[in-house]
Amino acid sequence: MAPAAASQHQATTVAPTSGRKVVDEVSGWLRVMDDGSIDRTWTGPPQALPLMQPVQPYAVPRDGHTLHDLPGEPNLRVYLPEVDAGSVGRLPVIVHLHGGGFCISHPSWVLYHHFYARLACAVPAVVVTAELPLAPEQRLPAQIYTGVDVLRRLRSIAMSDEGSLDDPAAELLREAADISRVFLVGDSSGGNLVHLVAARVGEDGADAWAPLRVAGGIPIHPGFVRATRSKSELQDTPDSVFFTLDMLDKFLAMALPKGATKDHPYTCPMGPNAPPLESIPLPPMLVAVAEKDLIRDTNLEYCDALRAAGKEVEVLINRGMSHSFYLNKFAVDMDPTTGERAQEFIDAIKSFVARH
(Lines give C-alpha, C1' and ligand atoms only; values in the text may rest on other atoms or scores of the structure.)
Protein backbone atom coordinates (compact mmCIF):
# COMPACT_ATOMS: atom_id res chain seq x y z
CA MET A 1 0.00 0.00 0.00
CA ALA A 2 2.98 2.19 -0.79
CA PRO A 3 5.27 4.03 1.59
CA ALA A 4 3.95 6.95 3.58
CA ALA A 5 4.99 10.06 5.39
CA ALA A 6 3.64 13.53 6.12
CA SER A 7 0.11 14.45 5.18
CA GLN A 8 1.51 17.24 3.05
CA HIS A 9 3.70 16.90 -0.04
CA GLN A 10 6.96 16.39 1.83
CA ALA A 11 7.98 13.81 4.40
CA THR A 12 9.73 15.12 7.47
CA THR A 13 11.52 13.75 10.47
CA VAL A 14 9.80 13.26 13.83
CA ALA A 15 8.12 16.40 15.15
CA PRO A 16 7.08 17.22 18.73
CA THR A 17 3.49 16.33 19.49
CA SER A 18 2.92 19.27 21.87
CA GLY A 19 1.88 17.09 24.78
CA ARG A 20 -0.50 14.96 22.76
CA LYS A 21 -0.41 11.21 23.29
CA VAL A 22 -0.37 8.50 20.66
CA VAL A 23 -3.37 6.20 21.01
CA ASP A 24 -2.77 4.12 17.88
CA GLU A 25 0.08 3.71 15.41
CA VAL A 26 0.47 2.08 12.02
CA SER A 27 3.97 0.61 11.71
CA GLY A 28 5.56 4.00 12.25
CA TRP A 29 3.80 5.58 9.27
CA LEU A 30 0.76 7.13 10.89
CA ARG A 31 -0.19 7.98 14.47
CA VAL A 32 -3.64 8.69 15.88
CA MET A 33 -3.39 11.21 18.71
CA ASP A 34 -5.55 11.39 21.81
CA ASP A 35 -7.21 14.59 20.54
CA GLY A 36 -8.32 12.78 17.37
CA SER A 37 -5.74 14.41 15.12
CA ILE A 38 -3.55 12.41 12.73
CA ASP A 39 0.23 12.69 12.60
CA ARG A 40 1.78 11.38 9.37
CA THR A 41 5.32 12.43 10.23
CA TRP A 42 7.76 9.77 9.05
CA THR A 43 9.36 7.84 11.92
CA GLY A 44 10.82 4.92 10.00
CA PRO A 45 14.28 4.34 8.51
CA PRO A 46 15.74 7.64 7.25
CA GLN A 47 16.98 5.87 4.09
CA ALA A 48 13.37 5.85 2.84
CA LEU A 49 12.92 9.63 3.10
CA PRO A 50 14.32 10.46 -0.36
CA LEU A 51 11.53 8.44 -1.97
CA MET A 52 8.95 10.66 -0.26
CA GLN A 53 10.27 14.05 -1.30
CA PRO A 54 7.97 16.06 -3.56
CA VAL A 55 8.94 16.71 -7.16
CA GLN A 56 8.16 20.22 -8.36
CA PRO A 57 6.49 20.71 -11.76
CA TYR A 58 8.55 21.82 -14.77
CA ALA A 59 7.43 23.24 -18.10
CA VAL A 60 10.90 22.89 -19.66
CA PRO A 61 11.26 19.30 -20.91
CA ARG A 62 13.32 16.81 -18.90
CA ASP A 63 14.04 13.29 -20.12
CA GLY A 64 11.45 13.63 -22.85
CA HIS A 65 8.50 15.02 -20.93
CA THR A 66 7.09 18.00 -19.02
CA LEU A 67 5.27 18.01 -15.68
CA HIS A 68 2.38 20.31 -14.77
CA ASP A 69 0.13 20.88 -11.76
CA LEU A 70 -3.51 21.82 -12.24
CA PRO A 71 -4.95 23.09 -8.93
CA GLY A 72 -8.67 22.54 -8.61
CA GLU A 73 -11.28 20.03 -7.54
CA PRO A 74 -9.50 17.67 -7.39
CA ASN A 75 -5.87 18.72 -7.78
CA LEU A 76 -4.30 17.08 -10.83
CA ARG A 77 -0.70 16.47 -11.89
CA VAL A 78 -0.05 15.90 -15.60
CA TYR A 79 2.90 14.29 -17.40
CA LEU A 80 3.11 15.19 -21.09
CA PRO A 81 5.61 13.28 -23.25
CA GLU A 82 7.41 15.09 -26.04
CA VAL A 83 6.05 13.58 -29.24
CA ASP A 84 5.47 14.69 -32.80
CA ALA A 85 1.77 15.51 -32.68
CA GLY A 86 1.64 15.40 -36.47
CA SER A 87 2.69 11.75 -36.54
CA VAL A 88 0.95 10.31 -33.50
CA GLY A 89 -2.07 12.56 -33.00
CA ARG A 90 -3.74 12.75 -29.63
CA LEU A 91 -2.44 10.43 -26.92
CA PRO A 92 -4.23 7.90 -24.72
CA VAL A 93 -4.67 9.00 -21.12
CA ILE A 94 -3.47 7.04 -18.10
CA VAL A 95 -5.29 8.17 -14.96
CA HIS A 96 -3.32 7.08 -11.91
CA LEU A 97 -5.02 6.62 -8.52
CA HIS A 98 -2.34 6.35 -5.86
CA GLY A 99 -2.01 3.72 -3.16
CA GLY A 100 -1.31 4.07 0.53
CA GLY A 101 -4.09 2.02 2.11
CA PHE A 102 -6.46 4.98 1.54
CA CYS A 103 -4.62 6.63 4.45
CA ILE A 104 -1.22 7.87 3.26
CA SER A 105 1.02 9.01 0.36
CA HIS A 106 0.92 11.76 -2.25
CA PRO A 107 1.20 11.67 -6.05
CA SER A 108 4.03 14.25 -6.08
CA TRP A 109 6.48 11.95 -4.30
CA VAL A 110 9.66 10.73 -5.98
CA LEU A 111 8.55 7.09 -5.71
CA TYR A 112 5.60 7.77 -8.03
CA HIS A 113 7.32 10.37 -10.17
CA HIS A 114 10.09 8.22 -11.58
CA PHE A 115 7.69 5.46 -12.66
CA TYR A 116 4.97 7.60 -14.20
CA ALA A 117 7.41 9.90 -16.00
CA ARG A 118 8.97 6.79 -17.51
CA LEU A 119 5.58 5.33 -18.38
CA ALA A 120 4.39 8.54 -20.06
CA CYS A 121 7.36 8.44 -22.41
CA ALA A 122 7.32 4.67 -23.00
CA VAL A 123 3.66 4.23 -24.00
CA PRO A 124 3.52 7.22 -24.98
CA ALA A 125 0.55 8.59 -23.05
CA VAL A 126 -0.65 11.56 -21.10
CA VAL A 127 -0.41 10.54 -17.45
CA VAL A 128 -2.79 12.25 -15.03
CA THR A 129 -2.38 11.69 -11.32
CA ALA A 130 -4.67 13.03 -8.62
CA GLU A 131 -4.50 14.00 -4.98
CA LEU A 132 -6.92 11.70 -3.15
CA PRO A 133 -8.56 12.35 0.22
CA LEU A 134 -7.05 10.40 3.11
CA ALA A 135 -8.65 8.28 5.81
CA PRO A 136 -9.41 8.21 8.67
CA GLU A 137 -10.32 11.89 8.24
CA GLN A 138 -12.25 10.91 5.10
CA ARG A 139 -13.30 7.28 4.93
CA LEU A 140 -14.45 5.37 1.88
CA PRO A 141 -16.34 6.07 -0.36
CA ALA A 142 -14.74 9.56 -0.42
CA GLN A 143 -11.81 8.24 -2.47
CA ILE A 144 -14.17 6.66 -5.01
CA TYR A 145 -16.05 9.93 -5.45
CA THR A 146 -12.76 11.76 -6.00
CA GLY A 147 -11.69 9.18 -8.59
CA VAL A 148 -14.92 9.79 -10.50
CA ASP A 149 -14.36 13.55 -10.15
CA VAL A 150 -10.92 13.17 -11.74
CA LEU A 151 -12.58 11.74 -14.86
CA ARG A 152 -15.26 14.42 -14.77
CA ARG A 153 -12.64 17.18 -14.63
CA LEU A 154 -10.60 15.53 -17.38
CA ARG A 155 -13.70 15.36 -19.58
CA SER A 156 -14.52 19.02 -18.89
CA ILE A 157 -11.01 20.16 -19.83
CA ALA A 158 -10.92 18.04 -23.00
CA MET A 159 -14.30 19.38 -24.17
CA SER A 160 -13.47 23.04 -23.56
CA ASP A 161 -13.25 25.40 -26.49
CA GLU A 162 -9.78 26.27 -27.72
CA GLY A 163 -8.40 29.23 -25.79
CA SER A 164 -11.16 29.15 -23.18
CA LEU A 165 -9.05 27.68 -20.38
CA ASP A 166 -7.30 30.10 -18.03
CA ASP A 167 -4.51 27.65 -17.20
CA PRO A 168 -1.86 27.08 -19.93
CA ALA A 169 -1.23 23.56 -18.53
CA ALA A 170 -4.92 22.72 -18.88
CA GLU A 171 -4.77 23.93 -22.48
CA LEU A 172 -1.82 21.61 -23.14
CA LEU A 173 -3.79 18.73 -21.65
CA ARG A 174 -6.82 19.59 -23.80
CA GLU A 175 -4.68 19.55 -26.94
CA ALA A 176 -2.85 16.30 -26.14
CA ALA A 177 -5.47 13.99 -24.61
CA ASP A 178 -7.59 11.44 -26.44
CA ILE A 179 -10.30 10.95 -23.83
CA SER A 180 -11.89 8.16 -25.84
CA ARG A 181 -8.97 6.01 -24.61
CA VAL A 182 -8.69 6.52 -20.86
CA PHE A 183 -6.96 3.83 -18.79
CA LEU A 184 -7.44 3.70 -15.03
CA VAL A 185 -4.26 2.61 -13.25
CA GLY A 186 -3.87 2.23 -9.50
CA ASP A 187 -1.41 0.62 -7.13
CA SER A 188 -2.43 -1.25 -3.97
CA SER A 189 -5.50 0.53 -2.55
CA GLY A 190 -5.49 2.50 -5.81
CA GLY A 191 -6.03 -0.86 -7.50
CA ASN A 192 -9.27 -1.18 -5.55
CA LEU A 193 -10.22 2.24 -6.87
CA VAL A 194 -9.59 1.14 -10.46
CA HIS A 195 -12.30 -1.51 -10.02
CA LEU A 196 -14.66 0.72 -8.04
CA VAL A 197 -14.36 3.83 -10.22
CA ALA A 198 -14.62 1.82 -13.44
CA ALA A 199 -17.77 0.17 -12.09
CA ARG A 200 -19.33 3.57 -11.24
CA VAL A 201 -18.60 4.89 -14.73
CA GLY A 202 -19.89 1.68 -16.30
CA GLU A 203 -23.13 1.88 -14.35
CA ASP A 204 -23.73 5.41 -15.68
CA GLY A 205 -23.56 4.10 -19.24
CA ALA A 206 -21.45 5.16 -22.20
CA ASP A 207 -23.79 7.98 -23.25
CA ALA A 208 -23.45 9.73 -19.90
CA TRP A 209 -19.67 9.99 -20.25
CA ALA A 210 -19.21 10.40 -24.02
CA PRO A 211 -16.84 11.32 -25.52
CA LEU A 212 -14.83 10.05 -22.53
CA ARG A 213 -14.48 6.28 -22.50
CA VAL A 214 -12.69 4.09 -19.97
CA ALA A 215 -10.92 1.74 -22.36
CA GLY A 216 -9.19 -0.39 -19.74
CA GLY A 217 -8.22 -0.83 -16.11
CA ILE A 218 -4.87 -1.81 -14.63
CA PRO A 219 -5.08 -2.71 -10.92
CA ILE A 220 -1.51 -3.12 -9.64
CA HIS A 221 -1.17 -5.39 -6.58
CA PRO A 222 -4.69 -4.34 -5.52
CA GLY A 223 -5.72 -4.36 -1.88
CA PHE A 224 -8.33 -7.07 -2.31
CA VAL A 225 -8.56 -9.20 0.83
CA ARG A 226 -10.95 -11.16 2.99
CA ALA A 227 -11.67 -10.95 6.70
CA THR A 228 -9.98 -14.34 7.12
CA ARG A 229 -6.28 -14.58 6.35
CA SER A 230 -5.26 -16.05 3.03
CA LYS A 231 -2.46 -18.60 2.79
CA SER A 232 -0.04 -15.99 1.42
CA GLU A 233 -0.80 -13.68 4.36
CA LEU A 234 0.01 -16.49 6.78
CA GLN A 235 3.26 -17.50 5.11
CA ASP A 236 6.54 -16.42 6.65
CA THR A 237 7.01 -13.47 4.29
CA PRO A 238 9.51 -10.91 5.60
CA ASP A 239 7.85 -7.62 6.49
CA SER A 240 9.25 -4.48 4.93
CA VAL A 241 8.59 -0.77 5.35
CA PHE A 242 6.61 -0.94 2.11
CA PHE A 243 3.90 -3.33 3.24
CA THR A 244 3.17 -5.25 6.43
CA LEU A 245 0.17 -7.09 7.81
CA ASP A 246 -0.07 -4.40 10.50
CA MET A 247 -0.40 -1.74 7.79
CA LEU A 248 -2.95 -3.83 5.93
CA ASP A 249 -5.16 -4.42 8.96
CA LYS A 250 -5.01 -0.96 10.52
CA PHE A 251 -5.24 1.10 7.35
CA LEU A 252 -8.31 -0.78 6.17
CA ALA A 253 -9.90 -0.50 9.61
CA MET A 254 -9.41 3.28 9.36
CA ALA A 255 -10.59 3.53 5.75
CA LEU A 256 -13.62 1.26 5.51
CA PRO A 257 -17.01 2.50 6.70
CA LYS A 258 -17.25 2.22 10.48
CA GLY A 259 -18.20 -1.27 11.58
CA ALA A 260 -17.27 -2.86 8.24
CA THR A 261 -14.90 -5.81 7.94
CA LYS A 262 -12.47 -6.61 5.12
CA ASP A 263 -15.31 -8.61 3.54
CA HIS A 264 -16.86 -5.28 2.48
CA PRO A 265 -17.29 -4.91 -1.31
CA TYR A 266 -14.71 -2.11 -1.32
CA THR A 267 -12.03 -4.60 -0.33
CA CYS A 268 -13.58 -7.91 -1.36
CA PRO A 269 -15.46 -7.40 -4.65
CA MET A 270 -15.32 -11.16 -5.25
CA GLY A 271 -16.98 -11.97 -1.92
CA PRO A 272 -20.57 -12.78 -0.94
CA ASN A 273 -21.26 -9.24 0.33
CA ALA A 274 -20.49 -7.71 -3.07
CA PRO A 275 -22.81 -7.53 -6.09
CA PRO A 276 -22.23 -10.44 -8.49
CA LEU A 277 -19.35 -9.55 -10.77
CA GLU A 278 -21.48 -10.62 -13.73
CA SER A 279 -23.66 -7.57 -13.02
CA ILE A 280 -20.76 -5.10 -12.81
CA PRO A 281 -19.92 -3.29 -16.08
CA LEU A 282 -16.12 -3.35 -16.28
CA PRO A 283 -13.65 -2.56 -19.05
CA PRO A 284 -10.90 -5.01 -20.04
CA MET A 285 -8.50 -5.48 -17.14
CA LEU A 286 -4.77 -6.10 -16.81
CA VAL A 287 -4.12 -7.16 -13.22
CA ALA A 288 -0.54 -7.15 -11.92
CA VAL A 289 0.16 -9.66 -9.13
CA ALA A 290 3.48 -9.72 -7.29
CA GLU A 291 4.69 -13.28 -6.68
CA LYS A 292 5.92 -12.46 -3.15
CA ASP A 293 3.05 -10.19 -2.15
CA LEU A 294 1.36 -10.83 1.19
CA ILE A 295 -2.01 -10.57 -0.58
CA ARG A 296 -1.05 -12.52 -3.68
CA ASP A 297 -3.67 -15.22 -3.12
CA THR A 298 -6.63 -12.84 -2.90
CA ASN A 299 -5.30 -10.92 -5.91
CA LEU A 300 -5.39 -14.16 -7.89
CA GLU A 301 -8.81 -14.99 -6.49
CA TYR A 302 -10.07 -11.65 -7.85
CA CYS A 303 -8.67 -12.52 -11.29
CA ASP A 304 -10.31 -15.95 -11.20
CA ALA A 305 -13.62 -14.36 -10.19
CA LEU A 306 -13.43 -11.91 -13.11
CA ARG A 307 -12.83 -14.78 -15.53
CA ALA A 308 -15.70 -16.79 -14.06
CA ALA A 309 -17.95 -13.76 -14.52
CA GLY A 310 -17.04 -13.58 -18.20
CA LYS A 311 -14.92 -10.46 -17.91
CA GLU A 312 -11.92 -9.76 -20.11
CA VAL A 313 -8.87 -10.05 -17.84
CA GLU A 314 -5.15 -10.53 -18.34
CA VAL A 315 -2.86 -11.40 -15.43
CA LEU A 316 0.77 -10.33 -15.19
CA ILE A 317 2.80 -12.12 -12.51
CA ASN A 318 5.76 -10.02 -11.32
CA ARG A 319 8.09 -12.97 -10.71
CA GLY A 320 10.12 -12.85 -7.51
CA MET A 321 8.82 -9.39 -6.63
CA SER A 322 7.08 -7.94 -3.56
CA HIS A 323 4.25 -5.44 -3.15
CA SER A 324 4.78 -2.17 -5.11
CA PHE A 325 8.35 -3.21 -5.96
CA TYR A 326 8.56 -0.91 -8.98
CA LEU A 327 8.07 2.20 -6.83
CA ASN A 328 11.39 1.66 -5.04
CA LYS A 329 13.64 3.68 -7.34
CA PHE A 330 16.78 2.56 -5.51
CA ALA A 331 16.02 -1.11 -6.16
CA VAL A 332 14.91 -0.48 -9.75
CA ASP A 333 18.15 1.41 -10.50
CA MET A 334 20.60 -0.76 -8.55
CA ASP A 335 19.25 -4.32 -8.61
CA PRO A 336 19.32 -5.87 -12.12
CA THR A 337 16.45 -8.27 -11.44
CA THR A 338 14.17 -5.55 -10.05
CA GLY A 339 15.09 -3.31 -12.97
CA GLU A 340 14.27 -6.09 -15.42
CA ARG A 341 10.90 -6.79 -13.80
CA ALA A 342 10.06 -3.06 -13.83
CA GLN A 343 10.83 -2.93 -17.56
CA GLU A 344 8.69 -6.03 -18.17
CA PHE A 345 5.89 -4.29 -16.32
CA ILE A 346 6.15 -1.11 -18.41
CA ASP A 347 6.25 -3.19 -21.59
CA ALA A 348 3.08 -5.03 -20.51
CA ILE A 349 1.25 -1.78 -19.81
CA LYS A 350 2.39 -0.36 -23.17
CA SER A 351 1.14 -3.46 -24.96
CA PHE A 352 -2.20 -3.42 -23.13
CA VAL A 353 -2.82 0.24 -23.98
CA ALA A 354 -1.84 -0.34 -27.63
CA ARG A 355 -4.38 -3.18 -27.93
CA HIS A 356 -7.27 -1.20 -26.42
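None of the values given here were measured: they were computed from a predicted structure. All residue numbers in this chain count up from 1 along the given sequence.
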inquiry  = Tell me whether R341 contacts the main-chain N or O of Y326 through its side chain, where contact means a donor paired with an acceptor under 3.5 Å.
reply    = no
message = Please evaluate residues E291 and M321 with respect to the criterion side chain to side chain contact (heavy atoms under 4.5 Å, CB included), reporting the C-alpha separation (whole Å), side-chain torsions for both, the decisive distance (0.1 Å), and the verdict.
response = CA-CA 6 Å; E291 188 176 41; M321 295 293 105; over 6 Å; no
request  = Check whether the ring centres of Y79 and H113 lie less than 6.0 Å apart, and answer yes or no.
outcome  = yes
message = Going by the rule side-chain hydrogen bond (donor to acceptor under 3.5 Å, both in side chains), which residues pair with H195 if we only count those two or more places apart in sequence or in a different chain?
response = Y302
ask   = Backbone N or O of C103 within a donor-acceptor pair of the Q143 side chain at under 3.5 Å?
value = no
message = Do H65 and V127 have side chains that approach each other closer than 4.5 Å (heavy atoms only, starting at C-beta)?
response = no
query = Any luck finding a side-chain donor-acceptor pair between T298 and S230 under 3.5 Å?
reply = no
ask   = What's the verdict on side chain to side chain contact (heavy atoms under 4.5 Å, CB included) for V148 and D204, showing C-alpha distance, side-chain angles and the deciding distance?
value = CA-CA 11 Å; V148 173; D204 289 342; 5.6 Å; no
query = OG of S189 to NE2 of H98: how many Å apart, nearest 0.5 Å?
reply = 7.5 Å
request  = Kindly say whether S232 contributes a backbone atom to a donor-acceptor pair with the side chain of D297 at under 3.5 angstrom?
outcome  = yes
request  = Evaluate side chain to side chain contact (heavy atoms under 4.5 Å, CB included) for L300 paired with I317, printing each intermediate quantity in order.
outcome  = CA-CA 10 Å; L300 291 172; I317 304 295; 4.0 Å; yes
query = If only atom types and distance count, is the side chain of K329 paired as donor or acceptor with the main-chain N or O of L51 below 3.5 Å?
reply = no
note = For L248 and V225 the tightest heavy-atom approach is CD1-CG1, 4.0 Å
key: R307 atom CZ, over 12 foreign heavy atoms within 6.0 Å   = yes
task = Check for a donor-acceptor pair, side chain of R139 on one end and backbone N or O of M254 on the other, with a separation under 3.5 Å.
result = yes
message = Is it the case that the side chains of S164 and D161 hold a donor-acceptor pair, with the cut-off being a distance below 3.5 Å and no angle test?
response = no
task = Classify the ring geometry between F183 and H356 as parallel (under 30°), tilted (30 to 60°) or perpendicular (over 60°).
result = perpendicular
inquiry  = Keeping D24 on the side-chain end and V32 on the backbone end, is there a donor-acceptor pair under 3.5 Å?
reply    = no
query = What closest approach, in Å, do V214 and P283 show between heavy atoms, and which atom pair accounts for it?
reply = O-CB, 3.7 Å
request  = Before accepting this row, confirm whether a basic side-chain N of the pair R174/D167 lies closer than 4.0 Å to the acidic partner's carboxylate O.
outcome  = no
task = Keeping the roles fixed (side chain from T66, backbone from A59), state whether a donor-acceptor pair exists under 3.5 Å.
result = no
query = Would you call E312 and R355 a salt bridge, taking side-chain N to carboxylate O under 4.0 Å as the test?
reply = no
task = Would you kindly say whether D246 and T244 are connected by a side-chain donor-acceptor distance under 3.5 Å?
result = no
Validation row: K250, L30 side chains within 4.5 angstrom (heavy atoms) = no
ask   = Does any non-hydrogen side-chain atom of L245 lie less than 4.5 Å from one of R229?
value = yes
request  = Could you tell me whether the side chains of D333 and H114 share a donor-acceptor contact shorter than 3.5 Å?
outcome  = no
query = Does one hydrophobic cluster hold both F330 and Y116, with members joined at side-chain heavy-atom distances below 4.5 Å?
reply = yes
task = Might you confirm whether atom NZ of K311 has over 12 heavy atoms from other residues, nucleotides or ligands at distances under 6.0 Å?
result = yes
query = Around atom CG of D63, are there more than 12 heavy atoms of other residues, nucleotides or ligands at under 6.0 Å?
reply = no
ask   = Just by modelled atom types, is the L132 backbone N or O under 3.5 Å from a matching donor or acceptor in the T146 side chain?
value = no
Electrostatic pair D249-K262, nearest N-O below 4.0 angstrom = yes
query = Do the side chains of L111 and V332 join up, straight or via other hydrophobic residues, at under 4.5 Å, putting them in one cluster?
reply = no
ask   = Can you name the closest pair of heavy atoms from P211 and M159 and give their distance?
value = CD-SD, 3.5 Å
Single hit among D187, N299, V289 for side chain to side chain contact (heavy atoms under 4.5 Å, CB included) with P222 = N299
key: Heavy-atom closest pair, residues L256 and T261   = CD1-O, 3.4 Å
ask   = Under 3.5 Å, side chain of D34 to main-chain N/O of V23, donor-acceptor pair present?
value = no
query = Could you state the interatomic distance from CZ (R319) to OG1 (T337), rounded to the nearest 0.5 Å?
reply = 9.5 Å
query = So does R90 pair up with D178, basic N to acidic O under 4.0 Å?
reply = no
inquiry  = Assess the residue pair I220 and F345 against the criterion (side chain to side chain contact (heavy atoms under 4.5 Å, CB included)); give the C-alpha distance rounded to whole Å, side-chain angles, the decisive distance to 0.1 Å, and a yes or no.
reply    = CA-CA 10 Å; I220 305 169; F345 190 23; 3.6 Å; yes
request  = Determine the minimum heavy-atom distance between F352 and P284, stating which atoms define it.
outcome  = CZ-O, 3.5 Å
ask   = Going by an N to O cut-off under 4.0 Å, is there a salt bridge joining D149 and R152?
value = yes
inquiry  = Within a 6.0 Å radius of atom CD on E278, are there more than 12 heavy atoms belonging to other residues, nucleotides or ligands?
reply    = yes
ask   = For the hydrophobic clusters of this structure (ILVMFWY residues joined by side-chain heavy atoms under 4.5 Å, transitively), does one cluster hold both W209 and Y145?
value = no
Nearest atoms (heavy-atom pairs only) where S188 meets G99 = CB-CA, 4.5 Å
inquiry  = Using modelled atom types and a 3.5 Å cut-off, is there a donor and acceptor pairing between side-chain atoms of H221 and backbone atoms of S324?
reply    = yes
